[in-house]
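Any value given below was found using the heavy atoms of this structure, including those in side chains, with hydrogens, waters and symmetry copies removed. Residue numbers begin at 1 in each chain, while the letters A, B, ... track the order of the sequences. Keep in mind that what you see is a predicted model, and the values were worked out from it rather than measured.
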Protein chains: 2
Amino acid sequence: MSEVTPVLLDEQLCFSIYSASKKFNHFYQSALAPFKLTYPQYIAMLALWEDAPLTVHQLGQRLELDSGTLTPLLKRLEKQGWVTRMRSRTDERQVMIHLTAMATAKRDEVYQRIGQCQTLLGMSDQEIQALMTDLVAVKNQLDEVSRQRLIDKKVNVQ
Amino acid sequence: MSEVTPVLLDEQLCFSIYSASKKFNHFYQSALAPFKLTYPQYIAMLALWEDAPLTVHQLGQRLELDSGTLTPLLKRLEKQGWVTRMRSRTDERQVMIHLTAMATAKRDEVYQRIGQCQTLLGMSDQEIQALMTDLVAVKNQLDEVSRQRLIDKKVNVQ
DNA sequence: AACAATTAAATTGTATACAATACTATTTGA
DNA sequence: TCAAATAGTATTGTATACAATTTAATTGTT
């Protein structure tokens, strides 16, 4: 008796975002091919160029990635000469990620290449800003809902 | 002498999208936990509920995924009883993906659960539509730029 | 000081993604 | 017609993601 509204793929915001994310990933990956950086490696480098040195934990908070993803990624970056990983002497649990001289030297070259990519989007800064604001709002709402669900669960358990 | 504009993580549209995509993925994954469907498995089911049967190739075009991703994913869906995979008799190269009776039976239950999730976003249909339109525009632009680059390459080769 | 609780990374296991290659079936062109 | 080209799927190899567990170091408490 009760009609259920069909869920159509093309009407799902999640699918637009999922799909756009993969396309961006691919786009930057090929733009970064001369540097042999993958997209996740690239955003790790962006964070480090802003704030190095960082602990694995700090980098993880910035990128929303855990050690299960970051540890192997950082080992690959180390192997390719972008970073060094060294245990903190004041707290042996922590691993500090430092930039190498090569990473510092190549920074502006990467900045320049990516800066060009941004303009290729053909969007004004205002348009990009507006889109980003919406996306952040969606993210925050998802966090909020997840948080409430978690509390509901806890309440139910008691 | 020439100043290079720094590339700041928080100003990158790609990072907003990447980050929102992961969050959506996680959000739906937990909403779908009762059905033991991952997010990519779920969108495959959405496409199949709309149009089954589909060949692997057709499904790949719909989801923008290739056989390297879909073959193992579909094998897992088959193992869990959602789909069957059978070689087409008219063209033995093709593998047709059919829904099982269980998949058809559970469709509305999934539709209902996901329909509820949409409302949790607290956005109007207009807002969601506007955001999706922007995202599609970004995707198209990325495709366009990639296409031009490809042509440039070919021209350069000649 | 002793020891439980906590924290930080690494590891393990599962599931995407995707480039590149392989394999088979079909189609096409000389 | 039959060999070359093409098409559809599967496989291999590399790189994320992330939950869950493990290990080691630090902190808090008594």
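On a pure distance criterion of 3.5 Å, no polar donor-acceptor pair joins the side chain of A:S67 and the base of C:dA8.
One finds a side-chain N or O of A:T71 lying less than 4.0 angstrom from the OP1 or OP2 phosphate oxygen of C:dA10. Applying the 4.0 Å criterion to OP1 and OP2 of C:dA9, one finds that A:T55 has a side-chain N or O inside that range. Between B:R85 and D:dA10, a side-chain N or O to OP1/OP2 separation shorter than 4.0 Å is present.
Salt-bridge check for A:E92 with A:R87: failed, with every basic side-chain N at 4.0 Å or more from each acidic carboxylate O. Salt bridge B:D10/A:R62: present, at least one basic N to carboxylate O contact under 4.0 Å.
Among the atoms of the strands shown, only primed sugar atoms or phosphate atoms (P, OP1, OP2) are found under 4.0 Å from some heavy atom of A:T90.
Atom CG of A:L54 is separated from atom C1' of C:dA8 by 15 Å (rounded to the nearest Å). The separation between B:H26 atom NE2 and D:dA19 atom P is 5 Å, rounded to whole Å. Nucleotide C:dA8 holds its P atom 14 Å from the CG atom of A:L70, rounded to whole Å. Computed from coordinates, the A:R93 CZ to C:dA5 C1' distance equals 12 Å when rounded to whole Å. Regarding B:H57, its NE2 atom lies at a distance of 8 Å from the C1' atom of D:dA7, rounded to whole Å. Summarising the geometry, the separation between CG on A:L63 and P on D:dC18 is reported as 11 Å, rounded to the nearest angstrom.
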Protein-nucleic acid N or O pairs under 3.5 Å, nucleotides 12-17 of chain D:
residue: D:dT16; atom: OP1; partner: A:T38; partner atom: OG1; Å: 2.7
residue: D:dT16; atom: OP2; partner: A:Q41; partner atom: NE2; Å: 2.8
residue: D:dT16; atom: OP2; partner: A:R76; partner atom: NE; Å: 2.8
residue: D:dT16; atom: OP2; partner: A:R76; partner atom: NH2; Å: 3.3
residue: D:dT16; atom: O5'; partner: A:R76; partner atom: NH2; Å: 3.2
residue: D:dA17; atom: OP2; partner: B:Y18; partner atom: OH; Å: 2.5

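Taking the six-membered ring where tryptophan is involved, the planes of B:Y39 and B:Y42 are tilted, since the angle between them lies from 30° to 60°.
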>> As a quick check of understanding, evaluate side chain to side chain donor-acceptor pair (under 3.5 Å) for B:Q12 and A:Q118, giving each step before the final call.
In response: CA-CA 9 Å; B:Q12 302 306 300; A:Q118 292 272 65; 3.2 Å; yes
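Side-chain contact check for B:L63 versus B:T69: every heavy-atom pair is 4.5 Å or farther apart.
Looking at the side chain of A:R87, the nearest of the listed nucleotides C:dA9, C:dT24, D:dA10 is C:dA9. With distances taken from any side-chain atom of B:K75 to the nucleotides C:dT26, D:dT26, D:dT11, the minimum falls on D:dT11. The side chain of B:D91 lies closest to C:dT26 when the candidates are C:dT26, C:dA10, D:dA25.
For the residue pair B:S19 and A:E64, a side-chain donor N or O sits within less than 3.5 Å of a side-chain acceptor on the partner. With no hydrogens or angles considered, no side-chain donor-acceptor pair links B:Q129 and A:E11 at under 3.5 Å.
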